[in-house]
Amino acid sequence: MVNMMDVVDRYVAVWNEPSAGERRKRIGSLWAPDGTTCYRLLDARGHDAIEARVASSWDKWLRDGRFVFRSRPDAVCHHNVVKVNWEMVTTAGGEVEAVGLSFLVLAPDGHIRSDYQFNPTISEANELVDRYVAVWNEPNANTRRSGIVELWASAGSDLLILDEGRRIRFDYRYDEPI
């Protein structure tokens, strides 16, 4: 049985690791040899490519010591998939600078086979905040209630994994309130 929080803690630790040698060890103990980490601009397959991806992220965001990544306390597991929300926060005061979501598809031995990362763009994040503020500032109670229901319904997460023919191979549904 895989300990979900252990996977989440080790996953976040990889992204925060300043030592290249220690980072490589952590990647080897966490990802399957042919594992991947993917986000909209890059697919990294295998330990060497994952190491390059993580090192690039560390160099870009953490090198100067201003930020650190942390998981949010709402990680959930559904069969062999762990859903983890994470934040990049300032080291000085813990203010949230960026947020993201990762779906970690685990192999039977608990190693990560696939890491699907979703980072909202600034416009996507601003749109959600604008919708949220507009709903709570709505003077008409019925309209406000309808808006809250719509936001609540959009708070769930679906992960569809497709096969080579673009057919749904796995469908994972996570329903959670905002």
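Predicted model only: the values in this text are computed from it and were never measured.
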Q: So, taking the atom named OG1 in Thr37 and the one named OH in Tyr39, what distance separates them when rounded to the nearest 0.5 Å?
A: 9.0 Å
Q: Heavy-atom distance under 4.5 Å between the side chains of Asn16 and Leu62, does that happen here?
A: yes
Q: Ignoring hydrogens, what is the shortest heavy-atom contact between His47 and Ala32? Give both atom names and the distance.
A: NE2-O, 3.2 Å
Q: Could you grab the distance from atom CZ of Arg23 to atom CH2 of Trp15, nearest 0.5 Å is fine?
A: 10.0 Å
Q: Can a donor-acceptor pair be found, under 3.5 Å and without considering hydrogens, that links the side chain of Arg45 to the backbone of Asp34?
A: yes
Q: Sequence neighbours left out, what passes salt bridge (charged side-chain N to carboxylate O under 4.0 Å, His left out) with Glu51? Give chain and number order.
A: Arg24
Q: Angle class for the Trp31/Tyr11 ring planes (parallel below 30°, perpendicular above 60°, tilted otherwise)?
A: tilted
Q: Between Ala75 and Val8, which heavy-atom pair has the shortest distance, and what is it?
A: CB-CG2, 4.0 Å
Q: Return the minimal non-hydrogen interatomic distance between Phe67 and Trp61, and the atom names on each side.
A: CD1-O, 3.3 Å
Q: For Arg72 and Leu101, run side-chain contact (heavy atoms from CB on, under 4.5 Å): C-alpha distance rounded to whole Å, both residues' side-chain angles, the deciding distance at 0.1 Å, then the answer.
A: CA-CA 10 Å; Arg72 299 199 42 149; Leu101 164 69; over 6 Å; no
Q: Distance check, rounded to the nearest 0.5 Å: Tyr116 atom OH versus Ser102 atom OG?
A: 12.0 Å
Q: When rounded to the nearest 0.5 angstrom, what distance separates OG in Ser19 from CZ in Arg26?
A: 9.0 Å
Q: If I compare all heavy atoms of Val84 with all of Ser71, which pair ends up nearest, and what's the gap?
A: CG2-CB, 3.8 Å
Q: Could you go step by step and tell me if Asp43 and Thr36 meet the side-chain contact (heavy atoms from CB on, under 4.5 Å) rule?
A: CA-CA 7 Å; Asp43 290 356; Thr36 61; over 6 Å; no
Q: Rounded at 0.5 Å granularity, tell me how far CG in Leu106 sits from CE in Met4.
A: 10.5 Å
Q: Closest heavy-atom contact between Ala49 and Ala44?
A: O-CB, 3.5 Å
Q: Between Arg10 (side chain only) and Ser29 (backbone N and O only), is there a donor and an acceptor less than 3.5 Å apart?
A: yes
Q: Minimum heavy-atom separation for Gly35 and Ile50, please, with both atom names.
A: O-CD1, 3.5 Å
Q: Could you give the distance from CG (Leu104) to NZ (Lys83), rounded to the nearest 0.5 Å?
A: 12.0 Å
